[in-house]
Colleague: 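Dropping the structure in here first, questions after.
Side-chain atoms are counted along with the backbone in the values below, which use heavy atoms only and exclude waters and symmetry mates.
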Amino acid sequence: MHVLILGGTTEGRRLAELLAGDAGLWVTSSLAGRVAAPRLPPGEVRVGGFGGAEGMAAWLREHRVDALIDATHPFAGTISFNAARAAATAHVPLLALRRPGWVAGEGDDWHTVDSLEQAARVLPALGERVFLATGRMGLAAFAGPGTAALWFLVRSVDAPEPPYPSRMEVLLDRGPFTLDGERELVRRHRVDVVVTKDSGGAATAPKLVAAREAGVPVVVVRRPALPEAVPEVATPEEAVEWVRSAAW
């Protein structure tokens, strides 16, 4: 049985690890290639796009894929829609492995928006020293005149490319992050507002706790729309059970 995992996430790597020891399973992980030195999962790995939904459907047929698991980042909406169309075209069962989103708790000062552009518009009223924890993609939204007076701390795995904010310091780092580390980051850089996507998961959640403790507001970008009518699980372990039920 050939299982294709659309990965690049912690959950995708964990799923590949769990399936690697199963006799009778052939696991391929597909990575988008946006990170220069990704953490590779066990099993076969392919890097790069498929050429849209039609290209993915052709790949599924050519490589005789029996099950497709979309374990991409919650904000990788295009690939999720392509996966749904490709799976339907190639008649391959599809499962979505999606980590639950974050939920605000007591003491949180969250400001929820629908896009990075909306986040940029609300920032000037919230603070001047911004911890921009949205990665290196989409920095152009914060490069306009409306945010010119703000200072940004940008954390990403790889160095960002312009356009990006004129007043910016780049911190190259990769999660998971600790609560003590996030507390020190907020203190040392005098952060007074945080911007994050609702990525969910534990690896990058400590920044939310650090912001709450420091009384710092957080601008949270909602997740984009995803394909409907796709079976969904929240953990790699549940995905393993789905694969095993499909295999036998």
Colleague: Answer whether the closest heavy-atom distance between the side chains of F131 and L185 falls below 4.5 Å.
Modeller: yes
Colleague: For E182, is there an ion pair with R155 - N to carboxylate O distance below 4.0 angstrom?
Modeller: yes
Colleague: Between E11 and R14, is there a salt bridge with N-O shorter than 4.0 Å?
Modeller: no
Colleague: For P236 and L18, which heavy atoms make the closest approach, and how far apart are they?
Modeller: CB-CD1, 3.9 Å
Colleague: What are the two closest non-hydrogen atoms of R244 and D22, and how far apart are they?
Modeller: NE-OD2, 3.2 Å
Colleague: Find out whether D109 and V216 are in side-chain contact, i.e. whether some heavy atom of one side chain is under 4.5 Å from a heavy atom of the other.
Modeller: no
Colleague: May I ask you to test the V170-L172 pair for a side-chain heavy-atom distance under 4.5 Å?
Modeller: yes
Colleague: Establish whether L4 and M1 are linked, either directly or via other cluster members, by ILVMFWY side-chain heavy-atom contacts under 4.5 Å.
Modeller: no
Colleague: A side-chain contact here means heavy atoms from C-beta on lying under 4.5 Å apart; do H73 and S199 qualify?
Modeller: yes
Colleague: Between T9 and A71 (side chain of the first, backbone of the second, donor and acceptor by atom type, cut-off under 3.5 Å), is there such a pair?
Modeller: yes
Colleague: Kindly work out whether a path of hydrophobic side-chain contacts (I/L/V/M/F/W/Y, heavy atoms less than 4.5 Å apart) joins W110 to L123.
Modeller: no
Colleague: Are L116 and L126 linked, directly or through intermediate hydrophobic residues, by side-chain heavy-atom contacts shorter than 4.5 Å (ILVMFWY only)?
Modeller: yes
Colleague: Is there a continuous path of hydrophobic side-chain contacts, each under 4.5 Å between heavy atoms, that joins V209 to F177?
Modeller: no
Colleague: Could you tell me which non-hydrogen atom of L139 sits nearest to which non-hydrogen atom of P165, and how far apart they are?
Modeller: O-CD, 3.9 Å
Colleague: What is the distance from atom CD1 of I79 to atom CG of L226, rounded to the nearest 0.5 Å?
Modeller: 12.0 Å
Colleague: Taking CD in E238 as the centre, count heavy atoms belonging to other residues, nucleotides or ligands within less than 6.0 Å. Is the count above 12?
Modeller: yes
Colleague: Are any side-chain N or O atoms of D198 and backbone N or O atoms of V220, one a donor and one an acceptor, separated by less than 3.5 Å?
Modeller: no
Colleague: Check R212 with D108, please: is the shortest side-chain N to carboxylate O separation under 4.0 Å?
Modeller: yes
Colleague: As an exercise, state the distance from OG1 of T10 to CG of L15, rounded to the nearest 0.5 Å.
Modeller: 12.5 Å
Colleague: With sequence neighbours excluded, tell me which residues meet ring pair (Phe, Tyr, Trp, His ring centres under 6.0 Å) with F152.
Modeller: F142
Colleague: Any idea which heavy atoms bring R223 and F75 closest together, and the distance?
Modeller: CA-CZ, 3.7 Å
Colleague: Under a 4.0 Å threshold between the charged nitrogen and the carboxylate oxygen, would D114 count as salt-bridged to R222?
Modeller: yes
Colleague: When you compare the side chain of V186 with that of E213, does any pair of heavy atoms fall below 4.5 Å?
Modeller: no
Colleague: Of all heavy-atom pairs between A119 and V195, which one has the smallest distance, and what is that distance?
Modeller: CB-CG1, 4.2 Å
Colleague: May I ask you to decide if E161's main-chain N or O and R136's side chain share a donor-acceptor pair within less than 3.5 Å?
Modeller: no
Colleague: Atom CD in E232, atom CG in L97: separation rounded to 0.5 Å?
Modeller: 9.0 Å
Colleague: Taking C-beta and beyond as the side chain, do I5 and R13 meet within less than 4.5 Å on heavy atoms?
Modeller: no
Colleague: How close do A87 and L94 get, counting heavy atoms only, and between which atoms?
Modeller: CB-CB, 3.8 Å
Colleague: Would you be so kind as to tabulate the donor-acceptor pairs closer than 3.5 Å made by side chains of residues 45-69, with sequence neighbours excluded?
Modeller:
| unit_1 | atom_1 | unit_2 | atom_2 | d |
| --- | --- | --- | --- | --- |
| R46 | NH1 | S30 | OG | 2.9 |
| R46 | NH1 | G48 | O | 2.9 |
| R46 | NH2 | G49 | O | 3.1 |
| R61 | NH2 | T89 | O | 3.4 |
| H63 | ND1 | W59 | O | 3.1 |
| D66 | OD2 | H2 | N | 2.7 |

Colleague: Find the distance between CZ (R129) and CG (L150) and round it off to the nearest 0.5 Å.
Modeller: 11.0 Å
Colleague: Given 3.5 Å as the limit, does a donor-acceptor pair link the side chain of W102 with the main chain of G201, or not?
Modeller: yes
Colleague: Indicate, with yes or no, if L132 and V113 share a hydrophobic cluster defined by side-chain heavy-atom contacts under 4.5 Å among Ile, Leu, Val, Met, Phe, Trp and Tyr.
Modeller: yes
Colleague: So, Q118 versus S115: side-chain donor-acceptor pair below 3.5 Å or not?
Modeller: no
Colleague: To the nearest 0.5 Å, how far apart are CD in E184 and OG1 in T178?
Modeller: 10.0 Å
